[in-house]
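We're numbering straight along the sequence, starting at 1.
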Amino acid sequence: MSYKDTLILISEDCPAEAGIVPQSAKETKPAHVIQYELLSANPYRFTHEELLFEVHVRHKGIPEDKAAADRRLIWDELFGKSHPCLRASMLPKKFGWGVHYDAEGRIALYGAESPEYQNWLENEGKEGNPKLLRAMRNKRK
């Protein structure tokens, strides 16, 4: 699911009050670490679908030349099934990152402590402000 003009707020039960850089000691990086690396290095470059594709290619270790040559095939296979939106990502659920979608659906990360994130919170519902949605909770109530 892709959004436009939307900010995914950190979850109500997020243990982080500020953006924390996720890390992993595993040889194969988890999806949220790859998401962070891509989005922090390339704000507003990826749409949701492009991000999912890049994360998939990197997570599966598909070489760049093969990913480029077989892009349509990999894309069609990947999106032949549904995927959760970034409201379910560990970035806003555990690591304190707000996920902002601009008017064209491109994505950037903002730490919950950042002035931009705080400004969007303070101006909720005002014209020109993105729609605010909470990330999914980590635990059921």
Cluster overlap [X] with [Y], hydrophobic side-chain contacts below 4.5 Å:
X	Y	answer
Phe95	Val33	no
Leu39	Ile20	yes
Leu9	Met90	no
Tyr110	Leu132	yes
Leu86	Phe46	yes

What orientation do Trp75 and Phe79 show, parallel under 30°, tilted 30 to 60°, or perpendicular over 60°?
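Ring orientation, 0 to 90° scale: tilted.
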
Mind checking whether Tyr44 and His100 have parallel, tilted or perpendicular rings, split at 30° and 60°?
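The arrangement is perpendicular - the two ring planes meet at more than 60°.
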
For the pair Glu50 and Arg106, find out whether any cationic side-chain nitrogen is under 4.0 Å from an anionic carboxylate oxygen.
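Judged by the 4.0 Å cut-off on N to carboxylate O distance, Glu50 and Arg106 do not form a salt bridge.
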
Check Ser40 against Leu109 and note the closest heavy-atom contact, atom names and distance.
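Smallest interatomic distance, heavy atoms only, reads N-CD1, 4.4 Å.
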
For Ala16 and Gly96, which heavy atoms make the closest approach, and how far apart are they?
CB-N, 3.8 Å

So for atom CD, which belongs to Glu113, do other residues, nucleotides or ligands contribute more than 12 heavy atoms lying within a distance under 6.0 Å?
yes

Go through the steps to decide whether Tyr36 and Trp97 satisfy the test ring pair (Phe, Tyr, Trp, His ring centres under 6.0 Å), and finish with yes or no.
CA-CA 9 Å; Tyr36 175 81; Trp97 293 101; 5.3 Å; yes

Between Asp13 and Asn138, is there a side-chain donor-acceptor contact under 3.5 Å, judged purely by atom types and distance?
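There is such a pair (donor and acceptor under 3.5 Å, judged by atom type) between the side chains of Asn138 and Asp13.
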
Are His48 and Tyr3 close enough, and set up right, to give a ring pair (Phe, Tyr, Trp, His ring centres under 6.0 Å), and what steps lead you there?
CA-CA 8 Å; His48 182 73; Tyr3 296 103; 7.8 Å; no

Taking ring-ring contact (aromatic ring centres under 6.0 Å, His included) as the test, write out the residues that go with Tyr117, two or more places apart.
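If we apply the ring-ring contact (aromatic ring centres under 6.0 Å, His included) test to Tyr117, skipping adjacent residues, there are no hits.
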
Give me each pair satisfying salt bridge (charged side-chain N to carboxylate O under 4.0 Å, His left out) with a member in residues 62-78, each pair once, sequence neighbours excluded.
Lys66-Asp70, Arg72-Asp76

Residues clustered with Leu73, ILVMFWY side-chain links under 4.5 angstrom
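None; Leu73 is a cluster of one.
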
